[in-house]
Amino acid sequence: LGLNKVSVDEYLDNTYDYPVYVNLDTMDYNQRSDGKGDFNDFVRDPSSYSSIFMKYAKNTDVFIAGHYYATGSPYLFTRSDVKSSSFNISVVADISCDIDGPVATTIRPSSIISPIYGYNPLTEEEDNFMKEDVVAVMAVDNLPCELPKDSSEDFGNQLIENIIPILGKESSILSNATICKNGDLT
């Protein structure tokens, strides 16, 4: 897409008049109360951490969530956070799709056929995503299953178009690729 990747500091400290993105690690948006800690500590005891995600939400238009979350982990952002004037996100693509969990706008799964719904921060309910101040949400709970499906279909089409015609001809390709024939190793 020609988007520029920026560092966490650049993302927080600068404004841009062109699209940029930042890739956040778990410890970029979670912080232990004493300021110490690391990912392993977070996994062992997430309850001693709080979210600092809102510092990103004020600069963000589109958020693609593929986060680590376990029971006791802090929510990235809450329903109250979405109501805040500091929350600038208008589109959420929640790959993780934890319903009523760490991404407050994910109130239900969507589907491949109908992948987008709206989250109204004022009513905290589903609404038309085309309305002003409604967050568009894509939260397809089986989205990871679609990638292997697409890959399998593409691989199968390539096989049919490029390999099957070669195998249909009298050729040494098939015999040279055969490991076992008539019960014997070739």
Side-chain angles (χ1 to χ4, degrees), residues 1 3-16 18-111 114-144:
L1 295 174
L3 302 178
N4 294 327
K5 182 176 183 178
V6 297
S7 72
V8 170
D9 290 335
E10 290 171 327
Y11 191 79
L12 293 173
D13 296 340
N14 300 318
T15 57
Y16 301 89
Y18 54 90
V20 298
Y21 74 96
V22 65
N23 189 30
L24 301 176
D25 289 325
T26 302
M27 300 315 297
D28 289 327
Y29 56 86
N30 289 296
Q31 179 177 297
R32 202 165 78 173
S33 57
D34 62 6
K36 299 178 182 176
D38 59 29
F39 182 73
N40 291 328
D41 181 59
F42 179 80
V43 170
R44 279 190 301 276
D45 183 19
S47 64
S48 61
Y49 287 77
S50 60
S51 173
I52 53 173
F53 180 81
M54 283 299 289
K55 68 182 183 180
Y56 301 100
K58 67 181 179 182
N59 297 336
T60 302
D61 299 310
V62 177
F63 173 53
I64 302 172
H67 53 274
Y68 170 82
Y69 181 76
T71 303
S73 296
Y75 284 10
L76 275 75
F77 57 87
T78 65
R79 291 181 179 194
S80 294
D81 292 334
V82 181
K83 292 176 184 176
S84 166
S85 61
S86 297
F87 191 88
N88 194 47
I89 300 171
S90 59
V91 176
V92 172
D94 188 356
I95 309 300
S96 301
C97 194
D98 298 311
I99 306 304
D100 201 26
V103 176
T105 53
T106 303
I107 56 175
R108 72 166 177 86
S110 55
S111 66
S114 181
I116 302 171
Y117 61 88
Y119 174 80
N120 186 321
L122 299 177
T123 64
E124 298 182 1
E125 294 178 355
E126 187 171 336
D127 203 340
N128 181 343
F129 68 89
M130 296 299 285
K131 285 184 177 178
E132 189 76 24
D133 298 326
V134 170
V135 179
V137 179
M138 186 281 303
V140 179
D141 61 351
N142 65 341
L143 184 61

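- Remark: side-chain polar atoms of D25 are not paired, donor with acceptor, to backbone N or O of D28 under 3.5 angstrom.
- Atoms OG1 and CE, from T78 and M54 in turn, are 7.5 Å apart once rounded to the nearest 0.5 Å.
- A side-chain donor-acceptor contact under 3.5 Å links Y11 to the backbone of N59.
- Once rounded to the nearest 0.5 Å, the distance linking CG of D98 with OH of Y75 reads 9.0 Å.
- The two residues Y18 and N4 have their closest heavy-atom pair at CE1-ND2, 3.3 Å.
- Here the side chains of V140 and M138 are in contact, with some heavy-atom distance below 4.5 Å.
- When all heavy atoms of I89 and V135 are compared, the closest pair comes out as O-CG2, 3.8 Å.
- With a 6.0 Å radius and a threshold of 12 heavy atoms from other residues, nucleotides or ligands, L12 has its CG atom above the threshold.
- Remark: side-chain polar atoms of Y69 are not paired, donor with acceptor, to backbone N or O of S96 under 3.5 angstrom.
- Surrounding NZ of K55 are more than 12 heavy atoms belonging to other residues, nucleotides or ligands, all under 6.0 Å away.
- Within the 4.5 Å cutoff, no side-chain heavy atoms of T105 are placed close to those of D94.
- Proximity of L24 to H67: side-chain heavy atoms (C-beta onward) are nowhere separated by under 4.5 Å.
- Closest non-hydrogen pair, R32 versus Y49, comes out as N-CD2, 3.2 Å.
- The shortest non-hydrogen separation linking Y117 to I107 is OH-N, 3.1 Å.
- Note that the CD1 atom of I99 and the OG1 atom of T106 stand 6.5 Å from one another [nearest 0.5 Å].
- Taking all atoms of both residues into account, the shortest heavy-atom contact from A104 to Y119 is O-CE1, 4.1 Å.
- If you look at Y29 and Y56, their ring centroids are not closer than 6.0 Å.
- Considering CD of E124 and OG of S80, their distance stands at 7.0 Å, rounded to 0.5 Å.
- Ion pairing between a basic and an acidic side chain is recognised when a charged N comes within 4.0 Å of a carboxylate O; D34 and K36 show no such pairing.
- Taken from NZ in K5 to CD in E10, the straight-line distance is 11.0 Å, to the nearest 0.5 Å.
- You'll find the side chain of V137 stays beyond 4.5 Å of the side chain of F129, heavy atoms only.
- S84 contributes a side-chain N or O that, together with a main-chain N or O of S86, makes up a donor-acceptor pair within less than 3.5 Å.
- Here CG of L76 is found 9.0 Å from OG1 of T26. Values are rounded to the nearest 0.5 Å.
- Nearest approach of P46 to P74, heavy atoms of both residues: O-CD, 3.7 Å.
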message: Quick one, N14 with V6, criterion side chain to side chain contact (heavy atoms under 4.5 Å, CB included). Give me CA distance, side-chain angles, the key distance, then yes/no.
response: CA-CA 10 Å; N14 300 318; V6 297; over 6 Å; no
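- When side chains are defined from C-beta on, N120 counts as touching V134, because their heavy atoms get closer than 4.5 Å.
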